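To start, the structure under review is shown below, and the notes come after it.
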Amino acid sequence: MPTDTTIPPVTRFAPSPSGHLHVGGARTALFCWAFAKGRGGKFLIRIEDTDQKRSSDAASVGFLKDLDWLGIRWDEGPEYTAPDGTVVGGGPNGSYFQSERLEIYARYTEKLLVEGKAYEAWDSQDELEAMRKEAAARKEAFRYRFRGEVTPDQRARYIAEGRVPVVRFRSPQAAVTINDEVLGDATLPAGEVDDFVIRKKDGFPTYHFAVVVDDELMGVTHVLRAQEHFTNTAKHILLQDALGFRRPTYGHLSIIKNPDDSKMSKRDKDKVLRKAVKEKALTAPPAGTVTAEEWSRWIGDDNVQLDLDGAIRLAEALKVTLPEINVDDFRRSGYLPEVICNFLALNGWSPGHDIEKFDNAFLKERFSLDRVMKTPAKFDRVKLLAFNTDAITGMPPDDFARRCHAHAVQYRPDYLAKLGDANFALLMKACQERSKTLDDPFRSNGFLLVADEALAFSDDKNVRKALGIGAAPADGSKTGLDHLRTLRGVLAGLPEWTQPALEGAANAYAVEHAQGKIGSVAQPLRIGVSGGTVSPPIWDTLVLVGRDSALRRIDRCVQWAEGLK
RNA sequence: GGCCCCAUCGUCUAGCCUGGUCUAGGACACCUCCCUUUCACGGAGGUAACGAGGGUUCGAAUCCCUCUGGGGUCACCA
């Protein structure tokens, strides 16, 4: 069925309540948004909270913040006030929380009941289980079918027994053809769909029923959702026909996988931690990570997830890196929202013509269902990082500084407190071309934060080599440590502590004492003030650390290095 | 297991619908070299794929069949 381009499409993103937006969900939302907005249509959000076992408090719509951060805004849906004060959401189609639409579903359930297209079923869980087992024994797939009329007498008896019925849909035994704009048409043979439940014992509709009713009432024309729903679609089509509803156009999106081919999942963080715990054979939580109670609950059940803060603390203690799974994880790691969108879109869609870099405006303009991939994509974080690096190094310096500052306010307040405005600006200038994320200027320069007395010098191969420890030059020439010692005095006598002054002095020194090889004096200096062999350009680093601190640190370094011999 | 879907470099993909221009293109990763005060950036090269087998055709990555492999789904979860 070709897409009717004359009517502005309406799409929706309909997740179950969640505090965090998962990468896969983000892509679905992005595609829904791009498809509708690129065609003058509407994009709406609906919360599928018909499972009472899942909490649905305010935190359940935390993912709206992530969506907004990505630059995806909805025309209708839950209300949300963006950081810039804009109020998003609302709309004429009633509550966008399914749990608040119960009377609507009841009306349609009643209609089907009256028309004989649905019926009450009184089976208990145990009885259903027995039927399933029986079918399994016969090596058949279990499909629930109408089990005969229940007489008023029987009904009264069931009620007296305290049974509560569910309502099941009397599925027509007909082949169902699903028209899918991504996968193409597929026909399920007659009898594949059983008499599934549409109203649960607790009175709530099942997902299948609520979805069909809401999509009709909200005027949804295109349903773009994860491929796991593909088979469900037959149920929805049958229901739409029975209710006299319009059939939306479908498009089923492939899942996103981890590099190891497993499905990308919220549990991946815990998986990494469990593996580390097992490898280290830990039997108790490291101090300051999680409580003993949380630990035992978590260890005892693979389905239990640690809360984010606890997981982060544990990861630090175990020295493992948690995989980024949620949009917010990537935000925290310093990825740019426009890059996330770009990359996400590339996982499953391509504009062709070897175009890879584009923004949401382009995506909106060019997105079409016929170019959506049918195959699952592996989420390649390395390529994402490369994209992020390109975006960051290509950014106007002022933008970089501004966005890093915003990032620091959120996630690195300690740097803001420690560095003054001038030094913050200098750090930005020194770091942009070597940063892959907005977080890199902070994450890789921890030495700026520590007290001089607390700076740890790392005893590794590169440090030893640069300082000439353990392997003094055979020709008797000076070691890095010798240079550092002498240079300390030179620098201490400098009239001013600026990059040109420092560079000039060090260069003059190198020409005179190190065959002009600036590297042999720069590295020892770097180790002296940063504790290691990696830092921003040395002259900037020296200024950032400051004269007094730099000299103190060099003294400590010399002392430390002498102790090594 | 039943049913449905899918299959191009290690990865994301272009090409497939409308067979020849594909000795299969791009990007990330990887390797080599260059640049370099560290790290990173950058520059120049390079390795690398049509899952297998049958057809159809003058000609197939492109069309058909089989096999193999992968995914999804079979809940009073969504």
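Letters go in sequence order (proteins before strands), and every chain restarts at 1. From a predicted model like this one, the values you see are computed outputs, not experimental measurements. We use all heavy atoms of the structure for the numbers below, so side chains are in, but hydrogens, waters and symmetry mates are not.
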A/His407 and A/Phe400 aromatic centres sub-6.0 Å
no

Discussion item. Categorize A/Lys201 for me: base, sugar-phosphate, or nothing, with a 4.0 angstrom heavy-atom threshold over every strand shown.
Written reply: base

Practice prompt. Using a 4.0 Å heavy-atom cut-off across all strands, classify A/Gly184 as base, sugar-phosphate, or nothing.
Written response: nothing

In whole Å, measure the gap between the P atoms of B/G2 and B/G54 for me. 27 Å

In Watson-Crick or G-U wobble terms, with both distances under 3.5 Å, the base opposite B/U62 is none

As its Watson-Crick or G-U partner within any shown strand, both distances under 3.5 Å, B/G69 has B/C6

Within the 4.0 Å heavy-atom criterion, would you say A/Glu356 contacts the bases, only the backbone, or no part of the nucleic acid?
base

Under 4.0 Å, counting only non-hydrogen atoms across every strand here, what does A/His252 touch: a base, just sugar-phosphate, or nothing?
nothing

Exercise for review: Assign A/Asp123 to base, sugar-phosphate, or nothing according to its heavy-atom contacts below 4.0 angstrom with the strands shown.
Suggested key: base

Review point. So, does A/Ser16 use its side chain to make a donor-acceptor pair with the main chain of A/Glu48 at under 3.5 Å?
Key: no

Check: Does A/Ile392 offer a backbone N or O that forms a donor-acceptor pair with the side chain of A/Gln432 under 3.5 Å?
Finding: yes

Which of B/G71, B/C3, B/C76 is nearest the side chain of A/Ile255? It is B/G71

*In whole Å, what separates the P atom of B/A49 from that of B/U11?*
12 Å

Just to be sure I understand the rule, does A/Thr50 reach a base, reach only the sugar-phosphate, or reach nothing, if contact means heavy atoms closer than 4.0 Å? sugar-phosphate

request  = Check the side chains of A/Thr393 and A/Arg434 for a donor-acceptor pair under 3.5 angstrom, ignoring hydrogens and angles.
outcome  = no

**Asked** Can the ring centroids of A/Phe196 and A/Tyr144 be said to lie less than 6.0 angstrom from one another?
**Response** no

Base orientation of B/C41, chi within 90° of 0 counted as syn, else anti, reads syn

To the nearest angstrom, the CZ-P distance between A/Arg143 and B/C3 comes to 9 Å

| said: Between B/C28 and B/G42, how many Å separate the two P atoms, rounded to a whole number? | reply: 9 Å

Of A/Pro205 and A/Leu346, the one whose closest nucleotide on RNA chain B sits nearer the 5' end is A/Leu346

Distance, P atom - from B/G20 to B/C64, rounded to whole angstrom: 15 Å

From CG of A/Asp380 across to P of B/C9 the rounded distance in Å is 15 Å

message: Looking only at the aromatic ring of each residue, does the gap between the centers of A/Phe343 and A/Phe379 stay below 6.0 angstrom?
response: yes

Applying the 3.5 Å cut-off to both distances, the Watson-Crick or G-U partner of B/C17 turns out to be none

Taking for A/Met373 and for A/Ala141 the nucleotide of RNA chain B with the nearest heavy atom, the one nearer the 5' end belongs to A/Ala141

When rounded to whole Å, the CD1 to P distance for the pair A/Ile178 and B/C5 reads 9 Å

For B/U62 versus B/U56, give the span between their C1' atoms, rounded off to a whole number of Å.
-> 13 Å

Separation of B/G15 atom P from A/Asp354 atom CG, nearest Å, is 9 Å

Quiz item: When we call it a touch if two heavy atoms are under 4.0 Å apart, what does A/Arg381 touch: a base, just sugar-phosphate, or nothing?
Solution: nothing

### Query
Yes or no on salt bridge (Lys or Arg N to Asp or Glu O under 4.0 Å) for A/Arg145 and A/Asp194, after CA distance, side-chain angles and deciding distance?
CA-CA 6 Å; A/Arg145 298 278 178 233; A/Asp194 73 349; 5.9 Å; no

The nucleotide from B/U13, B/C5, B/A14 with an atom nearest the side chain of A/Ala377 is B/U13

**Q.** B/G45 to B/G25 separation - P atoms, rounded to the nearest Å
**A.** 15 Å

Could you walk me through whether A/Arg147 and A/Asp123 pass salt bridge (Lys or Arg N to Asp or Glu O under 4.0 Å), step by step? CA-CA 10 Å; A/Arg147 311 186 68 221; A/Asp123 318 84; 2.9 Å; yes

Query raised in the report: For the ring pair A/His483 and A/Tyr509, is the centre-to-centre distance below 6.0 Å?
Result: yes

Among the nucleotides B/C5, B/A78, B/C12, whichever has the atom closest to the side chain of A/Asn347 is B/C12

Per atom distances to the A/Leu188 side chain, the nearest of B/G26, B/U73, B/C3 is B/C3

Regarding the side chain of A/Tyr207, the nearest nucleotide among B/A78, B/C4, B/C6 is B/A78

Using a heavy-atom cut-off of 4.0 Å across all strands, would you classify A/Gln125 as base, sugar-phosphate, or nothing? base

Quiz item: Looking only at atom C1', what distance separates B/C50 and B/C58, rounded to whole Å?
Solution: 22 Å

I'd like to know if A/Arg168 and A/Glu120 make a salt bridge, using a cut-off of under 4.0 Å between side-chain N and carboxylate O. no

A/Val382 has its side chain closest, among B/A78, B/C4, B/A29, to B/A29

**OP:** Spell out yes or no: do the side chain of A/Asn232 and the base of B/A78 have one donor N/O and one acceptor N/O closer than 3.5 Å?
**Re:** yes

Around A/Lys133, counting heavy atoms of other residues, nucleotides and ligands shown, do more than 12 lie under 6.0 Å from its NZ? no

Report task. Quick one: label A/Arg132 by what it contacts on the DNA or RNA (base, sugar-phosphate, nothing), any heavy atom closer than 4.0 Å. Result -> sugar-phosphate

### Query
Donor-acceptor pair under 3.5 Å: do we get one between A/Lys383's side chain and the base of B/A29?
no

Separation of B/U13 atom P from A/Leu344 atom CG, nearest Å, is 12 Å

Check this one for me: any side-chain N or O of A/Arg168 less than 4.0 Å away from OP1 or OP2 of B/C76? yes

Q. Which part of the nucleic acid, if any, lies within reach of A/Arg199 when heavy atoms closer than 4.0 Å are counted: base, sugar-phosphate only, or nothing?
A. nothing

ask   = Looking at A/Lys200, does any N or O in its side chain come under 4.0 Å of the phosphate oxygens OP1/OP2 on B/C77?
value = yes

By the Watson-Crick or G-U definition, both distances under 3.5 Å, B/C74 is matched with B/G1

Worksheet item: Checking all strands, does A/Leu128 fall into the base, sugar-phosphate, or nothing category for heavy-atom contacts under 4.0 angstrom?
Response: base

A/Trp349 and A/Phe367 aromatic centres sub-6.0 Å:
yes

Atom CD of A/Glu48 and atom C1' of B/A78 are separated, to the nearest Å, by 7 Å

Whole-Å distance, A/Ile355 CD1 to B/C12 P, equals 21 Å

When both distances are under 3.5 Å in a Watson-Crick or G-U wobble arrangement, the nucleotide paired with B/G45 is B/C31

Report task. Write down the distance separating the P atoms in B/U57 and B/C6, rounded off to the nearest Å. Result -> 27 Å

Letter by letter from the 5' end, nucleotides 32-49 of chain B scores (B base, S sugar-phosphate only, - none; protein heavy atoms under 4.0 Å) -----BBBSS--------

In whole angstroms, the gap separating C1' of B/G71 from NZ of A/Lys378 amounts to 13 Å

